[in-house]
Amino acid sequence: MIDRPFARGRLITSQVVADFRTPGTGVTVLLDCTENDGAIVDTAFVFGASTNTGEVALYLTTAGNVINISNSNSWPVAYLNIPSAVVGGHYFLDLPELLTPIPRVGSGAKNRGILVEKGEILVGAKIGAPWNSGHFLGVQGGFF
């Protein structure tokens, strides 16, 4: 049960990783559950603050802090390609399906989100070269 909602975000410019499969110390923390309870992220979005195109990704890590992030303790959970950005535009990341049921909405309907367990950190980054002026990367959901 969600007891404390949250909405968090960061401006992404020089927080970069080499590629989708390789998280590293170039990420920015979006949601830290090392000291908090776990959380469910139900929405992840990019708010267009410039006309830059490019790719962003979200990763879960058990590293404890950004300095220790590596392939062995982190994994990608969401990705978005921004092919043509507009200042003020909203772009939503496609989140993975959760196993929780959705009552009375027909067949095939699934909840989508990211489960961030206690002890994990949700981080985000731009993939590839930095943007000179970036976009806001945000998440919202609730702690349980």
Side-chain angles (χ1 to χ4, degrees), residues 1-50 52-86 88-131 134-144:
M1 177 180 341
I2 302 297
D3 65 356
R4 291 176 294 145
F6 65 81
R8 308 270 163 78
R10 299 267 192 260
L11 179 65
I12 301 292
T13 54
S14 60
Q15 298 82 356
V16 298
V17 295
D19 61 58
F20 182 66
R21 298 174 309 276
T22 313
T25 57
V27 299
T28 187
V29 174
L30 294 169
L31 185 63
D32 186 345
C33 287
T34 56
E35 300 295 323
N36 290 314
D37 295 332
I40 294 281
V41 173
D42 62 25
T43 307
F45 60 92
V46 171
F47 178 73
S50 68
N52 292 318
T53 61
E55 303 167 293
V56 295
L58 298 179
Y59 302 88
L60 278 176
T61 183
T62 57
N65 60 52
V66 174
I67 295 168
N68 296 323
I69 289 178
S70 69
N71 285 346
S72 63
N73 60 22
S74 307
W75 56 98
V77 292
Y79 166 87
L80 175 67
N81 181 20
I82 306 168
S84 58
V86 176
H90 281 86
Y91 309 93
F92 293 94
L93 283 80
D94 190 22
L95 301 180
E97 292 180 351
L98 298 173
L99 296 176
T100 56
I102 302 175
R104 297 192 212 31
V105 293
S107 64
K110 301 274 185 180
N111 279 324
R112 291 185 171 271
I114 299 170
L115 173 64
V116 184
E117 295 188 39
K118 185 173 179 77
E120 295 178 341
I121 302 172
L122 180 69
V123 296
K126 187 211 178 278
I127 299 171
W131 285 319
H135 295 291
F136 289 98
L137 177 59
V139 294
Q140 66 182 24
F143 294 104
F144 54 85

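Quantities reported herein were computed from a predicted structural model and do not represent experimental measurements.
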Distance from [X] atom [atom1] to [Y] atom [atom2], nearest 0.5 Å?
X: His90; Y: Phe136; atom1: NE2; atom2: CZ; value: 11.0 Å
X: Glu55; Y: Lys126; atom1: CD; atom2: NZ; value: 7.0 Å
X: Ser74; Y: Asn68; atom1: OG; atom2: CG; value: 9.5 Å
X: Lys118; Y: Thr34; atom1: NZ; atom2: OG1; value: 8.0 Å
X: Leu60; Y: Asn73; atom1: CG; atom2: CG; value: 11.5 Å
X: Ile127; Y: Ile12; atom1: CD1; atom2: CD1; value: 11.5 Å

Q. Which pair of non-hydrogen atoms, one from Val46 and one from His135, has the smallest distance, and what is that distance?
A.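 Heavy-atom minimum between the residues: CG1-CB, 3.5 Å.
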Nearest non-hydrogen partners of Cys33 and Glu117, listed with the distance |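 Closest pair (atom of Cys33, atom of Glu117, distance): CB-O, 3.6 Å.
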Flag the pair [X] / [Y] as yes when at least one side-chain heavy-atom distance between them is below 4.5 Å, and no otherwise.
X: Leu31; Y: Glu120; value: no
X: Leu137; Y: Arg10; value: no
X: Val56; Y: Tyr91; value: no
X: Leu11; Y: Trp131; value: no
X: Val139; Y: Leu93; value: no

Is the backbone N or O of [Y] less than 3.5 Å from a side-chain atom of [X], with the two atoms forming a donor-acceptor pair by type?
X: Trp75; Y: Pro23; value: no
X: Ser50; Y: Gly134; value: yes
X: Thr53; Y: Pro83; value: no

Only one of Val17, Leu30, Ile121 passes side chain to side chain contact (heavy atoms under 4.5 Å, CB included) with Tyr59; say which it is.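 Looking at Val17, Leu30, Ile121, the match for Tyr59 under the side chain to side chain contact (heavy atoms under 4.5 Å, CB included) is Val17.
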Residues 35-44, side-chain donor-acceptor partners within the protein, below 3.5 Å, at least two apart:
{"from": "Asn36", "atom 1": "ND2", "to": "Asp32", "atom 2": "O", "distance (Å)": "2.9"}

